[in-house]
2 protein chains.
Amino acid sequence: MEPILEDLEQAEGLAALQAASEEIRDHYRIDHVVYHWVDSAGDQYGCGTYSDAWRDRYLEQNYLRVDPVILGCFQRFHPVDWKRLDWSSKPARTFQAEAIKHGVGNQGFSVPIRGPNGQFALFTVSHSCDDKTWAEWTDAHRRDLILIAHTFNEKALDFEPDRAPEQSQALSPREVDAMTFLAMGYSRAQVADTLSISEHTLRVYIESARFKLGAMNTTHAVARAMSRGLIVV
Amino acid sequence: MEPILEDLEQAEGLAALQAASEEIRDHYRIDHVVYHWVDSAGDQYGCGTYSDAWRDRYLEQNYLRVDPVILGCFQRFHPVDWKRLDWSSKPARTFQAEAIKHGVGNQGFSVPIRGPNGQFALFTVSHSCDDKTWAEWTDAHRRDLILIAHTFNEKALDFEPDRAPEQSQALSPREVDAMTFLAMGYSRAQVADTLSISEHTLRVYIESARFKLGAMNTTHAVARAMSRGLIVV
DNA sequence: TTTCCCCTCCCCAGAAATAGCGAGGCGGTA
DNA sequence: TACCGCCTCGCTATTTCTGGGGAGGGGAAA
């Protein structure tokens, strides 16, 4: 593993990351290696060994909202084998069939990676083989994959600075309170009552939070506060 | 490194994690090893080799909102050496002086770890030595520390079952569309227009989504859909 | 000291969301 | 077949939220 990680750590530029993913694939003799970035605005960036046809199809069909790998990892802390995800819904099964048709392996292992402000990325390896072989392979390389995933993410961020920091303005304590209770379903009157302030005052907080978050309305502000990790509900 | 990580992977129970942090400290011959879990509701869980006096002081003074390690890592993607953090504010320097007085080393290295819904943890090692020695040590063990940090986090979560998956009822495709656009800040009229349906129809989706999610209003429904990973925004 | 942000409170009019009632067609499952 | 969930559309009335405006006090930083 070592030389692979060394190479990755010395990669310069996005093209080098593309090359690195191919190198990783060849080194481990697996079918695919993919790094996939999603941010809270819905923008995506991908890099890896999937075919162009599949990647285009994925974007065109907006499979982001269907893909059980994305949906599953989004709710999870730890790396996960694809077998443990929920493929039972009909859209998921349609998606799965099409993925396999496009050369994505029947086995997969994905490492979720998170950053500040709700930023989210996935590092995935996929392969075609039986369950036992795959279990042995992932057991043997789990640690490597975690390290590679984080290094890959670090590199990808280095080369795309516009995506990385994007300092979102912090909310004041009262604004956090307001957003939190609104996210919990309280009406403005209830929130004001809970915080023991007038509803007028509360409204000022909501407005300033909305302004800071660049949100068009309360629902939008709460959604942004959540996806940026400013509130937890 | 290997045997240390093996031991950690076999740890069972919170007491074992405490023992593991001491073992790691002794293995690397450093002053302190600490794991610190935070959610923005203010709950904290800590585990490690700091003195009880320092831990109590930290909680009592609510240093969470002052500690540059927390504040800095919260805005950062990657592991960071304490030297690169911002210690310039007055509260930060007061905090630093007191930390050193309580036996926390002058050097430190912290790995931020994130989970779904804004959950956040830190794995930290700290030591007293000169800059050069510390730089060499962190360079040599950076990878180990990342792996240990993630394994530690995994274990800590295993033993805290209050974050159960809580499988929730799925939304229909149209309901997902509705929730998604609402989370993006669209008004009802805009969402209806975007989906090319009447606003009345849209309202039915919002209501049924609200019902399925057990939400009291639209904002609540969107918040729940997000925190359950039913929509990705 | 001045400036800036945070917290608190007030009024008003118009826009938007909610609550309740109703209807019919389509497709899959029991 | 009958049921159920999903998608689509309609009406009215009430409640709630939004977007302007304004005011004052406190604390921290420059």
Side-chain angles (χ1 to χ4, degrees), chain A residues 66 88-94 167-225 230, chain B residues 65-66 71 86-95 168-225 230:
Chain A
V66 175
S88 60
S89 81
K90 213 170 82 180
R93 257 180 287 183
T94 312
Q167 295 292 42
S168 75
Q169 203 173 352
L171 299 180
S172 77
R174 281 311 220 187
E175 287 158 0
V176 172
D177 292 342
M179 291 295 105
T180 302
F181 285 117
L182 289 171
M184 287 165 58
Y186 289 29
S187 70
R188 294 210 304 204
Q190 288 174 311
V191 177
D193 197 51
T194 306
L195 298 178
S196 302
I197 55 177
S198 77
E199 194 177 330
H200 308 282
T201 302
L202 174 73
R203 214 188 50 192
V204 177
Y205 299 147
I206 299 174
E207 274 172 28
S208 66
R210 212 171 46 219
F211 179 75
K212 286 181 182 176
L213 295 166
M216 319 179 77
N217 53 46
T218 302
T219 300
H220 194 196
V222 169
R224 289 204 155 178
L230 302 174
Chain B
R65 312 223 174 271
V66 174
L71 298 177
D86 175 20
W87 298 88
S88 60
S89 82
K90 212 170 79 181
R93 256 180 289 184
T94 312
F95 168 79
S168 59
Q169 196 174 358
L171 300 179
S172 77
R174 281 312 219 187
E175 287 158 359
V176 172
D177 291 342
M179 291 295 105
T180 302
F181 285 117
L182 289 171
M184 288 165 59
Y186 290 28
S187 70
R188 277 188 183 179
Q190 288 175 311
V191 176
D193 199 51
T194 306
L195 297 177
S196 303
I197 56 176
S198 78
E199 196 177 329
H200 307 281
T201 301
L202 174 73
R203 211 187 53 189
V204 176
Y205 299 147
I206 299 174
E207 274 172 23
S208 67
R210 212 169 50 214
F211 180 75
K212 286 182 182 176
L213 296 165
M216 319 180 78
N217 54 44
T218 301
T219 300
H220 194 197
V222 169
R224 289 204 153 178
L230 301 174

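- The side chain of B:T218 lies closest to C:dT18, out of C:dC6, D:dG19, C:dT18.
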Are any protein N/O atoms closer than 3.5 Å to N/O atoms in nucleotides 10-13 of chain C? If there are, list each pair with its distance.
| unit_1 | atom_1 | unit_2 | atom_2 | d |
| --- | --- | --- | --- | --- |
| C:dC11 | N4 | A:R203 | NH2 | 3.1 |
| C:dC12 | N4 | A:R203 | NH1 | 3.4 |

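- Between C:dC6 and A:S208, no contact under 4.0 Å exists linking OP1 or OP2 to a side-chain N or O.
- One finds no salt bridge joining B:E199 and B:R203 here, because no Lys/Arg side-chain nitrogen approaches an Asp/Glu carboxylate oxygen to under 4.0 Å.
- For B:I206, the listed nucleotide lying nearest its side chain is C:dT18; candidates were C:dC6, C:dT18, C:dC7.
- In this model, the phosphate group of D:dC6 is approached by a side-chain N or O of B:K212 to a distance below 4.0 Å at OP1 or OP2.
- One interatomic measurement links the two molecules: OH of A:Y186 to C1' of C:dA17, which rounds to 21 Å at whole-angstrom precision.
- For the pair A:D177 CG and C:dC6 C1', the interatomic distance rounds to 13 Å; values are reported in whole Å.
- As judged by a 4.0 angstrom heavy-atom cut-off over every strand, A:E175 is placed among residues making no nucleic acid contact.
- The side chain of A:P173 has C:dC7 as its nearest neighbour among C:dC7, C:dT18, D:dC9.
- Residue B:S172 places none of its side-chain N or O atoms closer than 4.0 Å to OP1 or OP2 of D:dG5.
- Annotation: the span from B:M216 atom CE to A:Q190 atom CD amounts to 5.5 Å, rounded to 0.5 Å.
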Distances under 3.5 Å between protein N/O atoms and the N/O atoms of nucleotides 27-30 of chain D, please, pair by pair.
none

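- The residue among B:S196 and B:N217 whose nearest nucleotide of DNA chain D is located toward the 5' end is B:S196.
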